[in-house]
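Here is the structure we will look at, set down as structure tokens.
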Amino acid sequence: MIVTLQSAADPAAVQRALAERGLWVRRLDGGDRVCFAVEPHSSSVTREALLGIAGVAAVAEAPSAHPLLDAQPPRVRVGAVEIGAGAPPVWMAGPCSVESEAQIREAAAALAPLGVRFLRGGAFKPRSSPYAFQGHGARALPWLRRAADEHGLAVVTEAMAPEEVPAVAAHADLVQVGSRNMQNFALLRAVGAARRPALLKRGMAATVEEWLLAGEYLLAHGASAVVFCERGLRGFDPATRNLLDLGAVALLAHVHRLPVICDPSHGAGRRELVGPLARAALAAGAHGLLIETHADPGRALSDGPQALRPHEFAALVGREVAHG
Ligand code: PEP
Ligand code: MN
């Protein structure tokens, strides 16, 4: 924001008043009037509050690059579930891949009593190797839907290509755009055109601004809401699969006031770290968690090392696994 002073104003007094509001300002010289630029990382303050300072003539805001996102409320509704500021944290859980109808039914039955609201599982899988399991594709979507419906769960699952979006949108409550596709603009347009809520995972090398702009694409093309998901950035150290950026989670939750969840499973890549990072994400302001689980991780067709077993997931959410 640029604050322009009245010609008779005392610049030092105005600067003091701005500093008292926690703002970090820079004096701009050269014009007829004294101006102060309020640095973007200063505390959040409204234009009206600045206009109330004695000696301030005008406050100009740089036009936002993502006006639709700025206007999105901090809490959105996906089916019957509220996600965002003020709503209880939302648990999304399930296997990395939908491996069979029996497997996803078993997962839904195990997870629903633990407070999970969304069943996850990939039908279309983005795999680094063309020889790895690619997912069962469209035929797994009804398996996922039926399993979720049996237990009153919502569905979140990924579409990787524009032509997959109609089928995914017909079966899912929340259409997932994966990390590798965050800037696949053809896909963002197609997901928007489905006019459904979207879960936008952060690209593994994307800046926060690029992530927000991808969200703006979804809204500009018709998505009814965008929920952001931090899943870790590509780092230099293979000790963990990715670097989970909890600063970005806090930034979206507390400064941008947007619905944001966290995926510590892909963030960590190993199951021992999922619980600690999940708790850290909630402390940072995450409005929900996306967690991979598997009944038998050693036999999982993808991402076994990061999958929590049902009893480990139950321990994380503080519930007993139902027996019998
Ligand atoms: C997933 O959640 O299934 C997935 C593939 O995650 P990401 O896009 O974050 O790698
Ligand atoms: Mn996975």
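Read the numbers this way: they start at 1 and go in the same order the structure lists the ligands and their atoms. Here the structure is a predicted model, which means the values were calculated and not measured.
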Q: Please step through side-chain contact (heavy atoms from CB on, under 4.5 Å) for the pair Arg231 and Met204, ending with a clear verdict.
A: CA-CA 8 Å; Arg231 50 77 74 202; Met204 61 186 81; 3.6 Å; yes
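For the residue pair Ala123 and Thr157, the shortest heavy atom distance occurs at N-OG1, 3.8 Å.
Summarising the local packing, CZ of Arg257 is surrounded by 12 or fewer heavy atoms from other residues, nucleotides or ligands at distances under 6.0 Å.
Leu301 shares a hydrophobic cluster with Phe133; the chain of contacts runs through ILVMFWY side chains whose heavy atoms sit under 4.5 Å apart. Grouping Ile, Leu, Val, Met, Phe, Trp and Tyr by side-chain contacts under 4.5 Å, direct or through others, puts Val25 with Met1, Val3, Leu5, Val14, Leu18, Leu23, Val34, Phe36, Val38, Val45, Leu50, Leu51, Ile53, Val56, Val59.
Side-chain contact of Asp303 with His266: a donor-acceptor pair under 3.5 Å is present, judged by distance alone.
Aromatic ring centres of Trp91 and Phe118 lie farther apart than the 6.0 Å criterion allows.
Taking 2.8 Å as the limit, the number of protein N, O or S atoms around the Mn ion (ligand 2) is 4.
The distance from the CD1 atom of Ile104 to the NE2 atom of His136 is 11.0 Å, given to the nearest 0.5 Å.
The contact shell of ligand 1, taken as protein residues with any non-hydrogen atom closer than 4.0 angstrom, comprises Arg120, Lys125, Pro126, Glu158, Gln176, Gly178, Ser179, Arg180, Lys201, Arg231, His266.
Residues Val116 and Met92 are not in side-chain contact: their nearest non-hydrogen atoms beyond the backbone lie 4.5 Å or more apart.
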